[in-house]
There are 2 protein chains.
Amino acid sequence: MTQRFINNKMSPVERAYHYILDAILSGELEPGMRVPTEALAENLGISRMPVRDALRQLEGDGAVTIIANRGASVAQYSSEEVVEIIEMRAVLEALAARLALPRMSATEISELEHLHWRMQNVSQDLTAWISAHDDFHNYLTACSKRPLLIQQSQRLRLMLRPYFRSYYAESKELEITGLEHQSLVDAVKAGDPEDLERKVRAHVRQNVETIAKLA
Amino acid sequence: MTQRFINNKMSPVERAYHYILDAILSGELEPGMRVPTEALAENLGISRMPVRDALRQLEGDGAVTIIANRGASVAQYSSEEVVEIIEMRAVLEALAARLALPRMSATEISELEHLHWRMQNVSQDLTAWISAHDDFHNYLTACSKRPLLIQQSQRLRLMLRPYFRSYYAESKELEITGLEHQSLVDAVKAGDPEDLERKVRAHVRQNVETIAKLA
DNA sequence: GCATCTCATATTGGATACAATAATACTTGA
DNA sequence: TCAAGTATTATTGTATCCAATATGAGATGC
């Protein structure tokens with residue numbers, strides 16, 4: 001089992017939360033799979049109570065689905081719902097980018113460029129690329145300095161993760177999307193918020209078509 | 001204490017959830033107020049466990065904030081965060097409206113008109129007006145038939161509720177916003193999705209300025 | 001008189017135990 | 001052999017109990 005980011009001084013709820021989340025993000029737990037409370041509790045050496053608690057939090061994040069008396073399973077989204085999530089991500093991250101641009105410092109812009117560079121640098125290693133890609137979008141969104149907007153975007157990206165994993169795995173277009181991101185960096189440097197908003201929205205929304213081709 | 005929508009055959013978690021939520025929506029519980037687990041449990045004649053569970057769900061909804069070892073309190077948002085939420089609502093509901101328009105039936109359009117009429121009809125009774133106003137926006141959003149989008153919008157509107165209550169209470173511009181909504185109905189009837197999206201976004205976003213004037 | 005430290009109290013977090021519900025296997029009748 | 005009903009098992013939901021942490025009051029020293 002892979003090493004998880006679990007600290008010994010974390011509280012049981014936190015441990016359970018990150019444990020399950022990491023399992024979902026890593027693809028170990030796939031959409032639709034059941035998440036039995038007891039087994040997890042035993043695995044972590046804690047009682048079912050904090051696990052239950054963590055599951056409720058993950059439900060709020062859209063990562064798991066809980067049905068009364070039938071327990072939790074990894075959230076499963078239909079292709080229509082995946083499209084829906086992408087559309088939401090598109091407008092929210094586009095909004096974040098628009099709000100971010102006017103207050104971005106030179107340092108932040110060069111940091112964004114660095115993240116883009118790193119993304120292209122690991123384009124051969126799928127897992128690393130996904131992570132770097134996430135970092136890029138996370139960073140641009142984070143530059144908005146709007147905590148709730150950042151949180152929502154992260155949630156949506158988290159919901160999509162299991163589906164994008166298989167998508168990217170079968171896609172050979174990593175380089176092309178690399179160019180896509182370059183154009184975003186350019187738009188940032190150009191400094192027009194409205195234009196950046198449109199571009200980010202279109203960029204994220206583009207995934208709808210590519211995913212549609214797969215399904 | 002006001003009558004709540006609590007059915008006797010509801011499970012304890014559901015009872016607790018709706019009990020707390022209603023208390024927040026009605027304004028009985030104001031932002032920042034603590035929500036002591038034990039007192040509520042006693043009030044409802046159940047144990048603290050289901051209350052705890054309900055609180056975690058409400059945390060996911062953004063209605064309460066839970067801090068480790070310090071319990072739950074009604075979520076409190078700074079004016080910056082309120083603006084943030086409005087901006088998110090604006091883009092999401094605008095998106096929903098755009099997606100809804102092409103698939104709206106004549107029946108749905110006239111239902112929307114009816115809701116608008118009802119809104120104007122109760123413009124003297126603040127509580128009723130807020131409820132009717134919510135119904136109007138909810139309905140337009142719901143016409144998108146996108147479950148996740150609908151859920152997110154509802155969450156955001158819920159987060160704003162406590163702040164809009166005081167806003168509307170001090171505002172004398174109910175009639176003006178009535179005209180505002182008429183223009184939305186007109187845009188729906190015009191049938192241009194892109195235009196409707198812009199109008200809905202502007203309409204929701206408008207609250208930013210009005211709220212800013214108050215603070 | 002003020003700050004700080006300690007102790008008491010209230011409230012939350014977690015574990016165990018029991019009850020209720022759902023899923024499954026089995027039996028019984030046709 | 002199949003269907004339906006029943007019983008068994010597994011899993012979840014709730015309650016109670018104990019531990020840990022935070023809060024506030026009071027005492028003690030400066």
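Arg56(A) meets the side-chain hydrogen bond (donor to acceptor under 3.5 Å, both in side chains) test with Glu59(A), Asp53(B); sequence neighbours excluded. Not counting sequence neighbours, Glu42(A) has no partner by the side-chain hydrogen bond (donor to acceptor under 3.5 Å, both in side chains) test. Applying the side-chain contact (heavy atoms from CB on, under 4.5 Å) test to Arg201(B) and every residue at least two apart in sequence or in another chain returns Leu95(A), Arg98(A), Glu197(A), Ala90(B), Val91(B), Ala94(B).
A heavy-atom distance below 4.5 Å is found between the side chains of Glu108(A) and Tyr139(A).
Defined by atom type and a distance below 3.5 Å, a donor-acceptor pair is missing between the side-chain atoms of Arg89(B) and Asn207(B).
Arg155(A) approaches Arg155(B) most closely through the heavy-atom pair NH1-NH1, 2.8 Å. Summarising the geometry of Cys143(B) relative to Ala100(B), their closest heavy-atom pair is C-CB, 3.5 Å, with the distance given to 0.1 Å. Of all heavy-atom pairs between Arg48(A) and Thr37(A), the closest is O-CG2, 3.7 Å.
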Arg146(B) and Glu87(A): side chain to side chain contact (heavy atoms under 4.5 Å, CB included), yes or no, with the steps?
CA-CA 11 Å; Arg146(B) 305 294 203 283; Glu87(A) 294 264 21; over 6 Å; no
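Here dT12(D) presents its P atom at 9 Å from CZ of Arg52(A), a figure rounded to the nearest Å.
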Show the distances under 3.5 angstrom between N or O atoms of the protein and N or O atoms of nucleotides 16-24 of chain D.
none

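Using five terminal pairs a side, the axes of the helix from dG1(C)-dC30(D) to dA30(C)-dT1(D) at its two ends make an angle of 0°, given in steps of 10 degrees.
Reading DNA chain C from its 5' end, the first and the last nucleotide to sit under 4.0 Å from a heavy atom of chain A are dG14(C) to dA23(C).
When each of Gly45(A) and Gly71(B) is assigned the nucleotide of DNA chain C with its nearest heavy atom, Gly71(B) is the one assigned upstream, toward the 5' end.
Classified by interplanar angle (parallel below 30°, tilted 30° to 60°, perpendicular above 60°), the ring pair His203(B)/His137(B) is parallel.
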